[in-house]
J.: 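Have a look at this one.
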2 protein chains.
Amino acid sequence: MVANVDQGIPGLSASKARLKLWIQLLRNTRSIETEIRGRLRREFNETLPRFDVMAALYKNPDGIMMSGLSRVLVVSNGNVTGIVERLVKDQLAVRSQRDGDRRTWIIRLTTAGVEHFEMMANLHEQWIDELLQNIDPDHVDLLNTQLSGNLKYGQDKHD
Amino acid sequence: MVANVDQGIPGLSASKARLKLWIQLLRNTRSIETEIRGRLRREFNETLPRFDVMAALYKNPDGIMMSGLSRVLVVSNGNVTGIVERLVKDQLAVRSQRDGDRRTWIIRLTTAGVEHFEMMANLHEQWIDELLQNIDPDHVDLLNTQLSGNLKYGQDKHD
DNA sequence: TATAAATATTTTAATTTTGAAATATTTATA
DNA sequence: TATAAATATTTCAAAATTAAAATATTTATA
């Protein structure tokens, strides 16, 4: 057990205080995600994971590899396979093979996919703006810096 | 589209800046969750959702209802049913009926469950302490306040 | 007291998610 | 050039997750 010094909250060690705030952070972000998920379903009959993949594809009009999606969305490879499969089946995305590298797939939104995403994107941005109204962007920025500071592990590449 | 005023980041409207930071926040928290999930599996052959449920049960030695677990963990009712079922099967938790209300179940950790959780809890707390080393607790606290400020929707109760 | 509304939970079907193993391909090295 | 190592992706089985519907019970109300 870590020594009970340097405590910002009376009676709690620094590590316990950090743990508590971390749990609250997860809870709060999950609440907002739940709200967004419900609105996507009710307004557009769309799921959050599909929306997230489409957003990543929209940001990459020249296409992005499966592993790129996995990296920027911080989900497993196999997960991306399933979601993209369904988007392709719905003709919202296409897979193509390039590069002379026959292992890699390049994923793009179709015209219908772009239309579908743009139809949702404006309202989605307004929702985030509404739900995070109280947030000071500078604080989030700082916290993001602090959060990513210890990620010697996973993916923290820019977009 | 929201007017392009009050911009903290050049070229980005306030809502776009907020959206971008929100996505980064989700990505960073997810990276840390992924790391914790992997360590739990490798060190203890345990999953994160099960650990989270056990943590909530440990904090409530007098028991907590299924709906209470659902609320504090911000997951659906049906989800809790499945996880608790597996914990009960493994004899780490028990369900009991009290209150004179035959709809409700009170869930508790068994002695084995308490032992199992305590065995993991210290190391888990160290992991969080390590992974969030760069985090200023005051900033997380402030951000939590800001995040929960707009949650007229979901659950933001204490505990 | 019936009946309706509210509450607590489980069930169900579909999707999401993970980690590990398998497959295919490319790159590096002996 | 073989062979090994690395890379990219899919497949697989199990668990997690959701939303909606179903079930059971309690509480409120006419």
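Proteins get letters first, then strands, A, B, ... in listed order; numbering begins at 1 in each. None of the values given here were measured: they were computed from a predicted structure.
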J.: Output the rest of the hydrophobic cluster of A/Met65: all Ile, Leu, Val, Met, Phe, Trp and Tyr residues reachable through side-chain heavy-atom contacts under 4.5 Å, sorted by chain and number.
T.: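 Taking Ile, Leu, Val, Met, Phe, Trp and Tyr as members, A/Met65 shares its hydrophobic cluster with A/Ile106.
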J.: Using the closest heavy atom to pick a nucleotide of DNA chain D for each, name whichever of A/Val80 or A/Arg42 lands nearer the 5' end.
T.: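 Mapping each residue to its closest nucleotide by heavy atoms, the 5'-most match is A/Val80.
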J.: From the options B/Arg18, B/Lys16, B/Lys20, select the one residue that forms a salt bridge (charged side-chain N to carboxylate O under 4.0 Å, His left out) with A/Asp129.
T.: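 So the option named by the test is B/Arg18.
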J.: May I ask you to test the B/Met66-B/Asn77 pair for a side-chain heavy-atom distance under 4.5 Å?
T.: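 In short, these two side chains do not touch, never coming nearer than 4.5 Å.
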J.: Give a yes or no on whether A/Leu132 and B/Leu142 share a hydrophobic cluster (residues Ile, Leu, Val, Met, Phe, Trp, Tyr; joining criterion: side-chain heavy atoms under 4.5 Å apart).
T.: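 Looking at the clustering, B/Leu142 is in a separate group from A/Leu132.
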J.: Members other than B/Val94 in its cluster, when Ile, Leu, Val, Met, Phe, Trp, Tyr link by side-chain heavy atoms under 4.5 Å?
T.: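 Cluster partners of B/Val94: none, it stands alone.
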J.: Using a cut-off of strictly less than 4.0 Å, decide whether B/Arg102 has a side-chain nitrogen or oxygen near OP1 or OP2 of D/dT26.
T.: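 Yes, within the criterion.
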J.: Under 4.0 angstrom, heavy atoms only, what part of the nucleic acid is A/Gln97 near: base, sugar-phosphate, or nothing?
T.: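 No contact.
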J.: Which stems, defined as runs of 3 or more consecutive Watson-Crick or G-U wobble pairs with both pairing distances under 3.5 Å, involve DNA chain C?
T.: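 So the stems come out as C:1-30 with D:1-30.
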J.: Between A/Ile36 (CD1) and D/dT17 (C1'), how many Å, whole number?
T.: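 A/Ile36 atom CD1 is separated from D/dT17 atom C1' by 18 Å.
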J.: Tell me: CG of B/Leu40 to P of C/dT18, nearest whole Å?
T.: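 The answer, rounded to whole Å, is 15 Å.
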J.: Can you name the residues that form a ring pair (Phe, Tyr, Trp, His ring centres under 6.0 Å) with A/His116, not counting sequence neighbours?
T.: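 Per chain and number, A/His116 pairs via ring pair (Phe, Tyr, Trp, His ring centres under 6.0 Å) with no residue.
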J.: Figure out the CD/C1' separation between B/Glu46 and C/dT18, and round it to whole Å.
T.: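 Computing the B/Glu46:CD to C/dT18:C1' distance gives 15 Å.
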J.: Take the protein atom CD of A/Glu35 and the nucleotide atom P of D/dT18, then report the distance between them rounded to whole Å.
T.: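 Those two atoms, CD and P, are 14 Å apart.
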J.: Given C/dT18, D/dT25, D/dA19, which nucleotide is nearest the side-chain atoms of A/Ser76?
T.: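 Of the candidates, C/dT18 comes closest.
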J.: Taking the basic N atoms (NZ, or NE/NH1/NH2) and the acidic carboxylate oxygens, is any pair closer than 4.0 Å for B/Arg39 and B/Glu35?
T.: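 Yes, charged N to carboxylate O under 4.0 Å.
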J.: Classify the side-chain pair B/Thr110/B/Gln91 by whether it contains a donor and acceptor separated by less than 3.5 Å.
T.: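 Looking only at side-chain atoms, B/Gln91 and B/Thr110 do not form any donor-acceptor pair under 3.5 Å.
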J.: Counting heavy atoms from C-beta on, name the nucleotide in D/dT11, C/dT17, C/dT11 closest to the side chain of A/Ile83.
T.: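 Comparing D/dT11, C/dT17, C/dT11 against the side chain of A/Ile83, the answer is C/dT17.
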J.: Take the protein atom CG of B/Leu87 and the nucleotide atom P of D/dA15, then report the distance between them rounded to whole Å.
T.: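 Result: 12 Å.
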J.: Using only atom types and a distance under 3.5 Å, with no angle test, would you say the side chain of A/Gln97 pairs donor to acceptor with the backbone of A/Arg102?
T.: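 Yes, because the side chain of A/Gln97 sits within donor-acceptor range (under 3.5 Å) of the backbone of A/Arg102.
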J.: How many Å lie between CZ on A/Arg39 and C1' on D/dT18, as a whole number?
T.: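 Taking atom C1' of D/dT18 as the reference, CZ of A/Arg39 is at 18 Å.
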J.: Would you mind listing every salt bridge (Lys or Arg N to Asp or Glu O under 4.0 Å) that reaches into residues 105-121 of chain B, with sequence neighbours excluded?
T.: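 Listed once each, the pairs would be none.
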J.: Pick out the pairs of N or O atoms, protein on one side and nucleotides 6-9 of chain C on the other, that lie under 3.5 Å.
T.:
{"residue": "C/dT7", "atom": "O2", "partner": "B/Arg103", "partner atom": "NH1", "Å": "2.7"}
{"residue": "C/dT9", "atom": "OP1", "partner": "B/Met66", "partner atom": "N", "Å": "3.4"}
{"residue": "C/dT9", "atom": "OP1", "partner": "B/Trp105", "partner atom": "N", "Å": "3.1"}
{"residue": "C/dT9", "atom": "OP1", "partner": "B/Trp105", "partner atom": "O", "Å": "3.4"}
{"residue": "C/dT9", "atom": "OP2", "partner": "B/Ser67", "partner atom": "N", "Å": "2.7"}
{"residue": "C/dT9", "atom": "OP2", "partner": "B/Ser67", "partner atom": "OG", "Å": "2.6"}

J.: Pick the closest DNA chain C nucleotide for A/Gly100 and for A/Leu48 by heavy atoms, then say which residue is nearer the 5' end.
T.: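 Its nearest nucleotide lies further toward 5', so the answer is A/Leu48.
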J.: Quickly work out the A/Arg50 CZ to D/dT18 P distance and round it to whole Å.
T.: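 It is 18 Å, rounded to the nearest whole Å.
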J.: Find the distance A/Glu33:CD to D/dA19:C1' and express it as a whole number of Å.
T.: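 From A/Glu33 CD to D/dA19 C1': 16 Å.
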J.: So what does A/Gly78 touch, heavy atoms closer than 4.0 Å: a base, only the sugar-phosphate, or nothing?
T.: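 Since a base atom lies under 4.0 Å of A/Gly78, the category is base.
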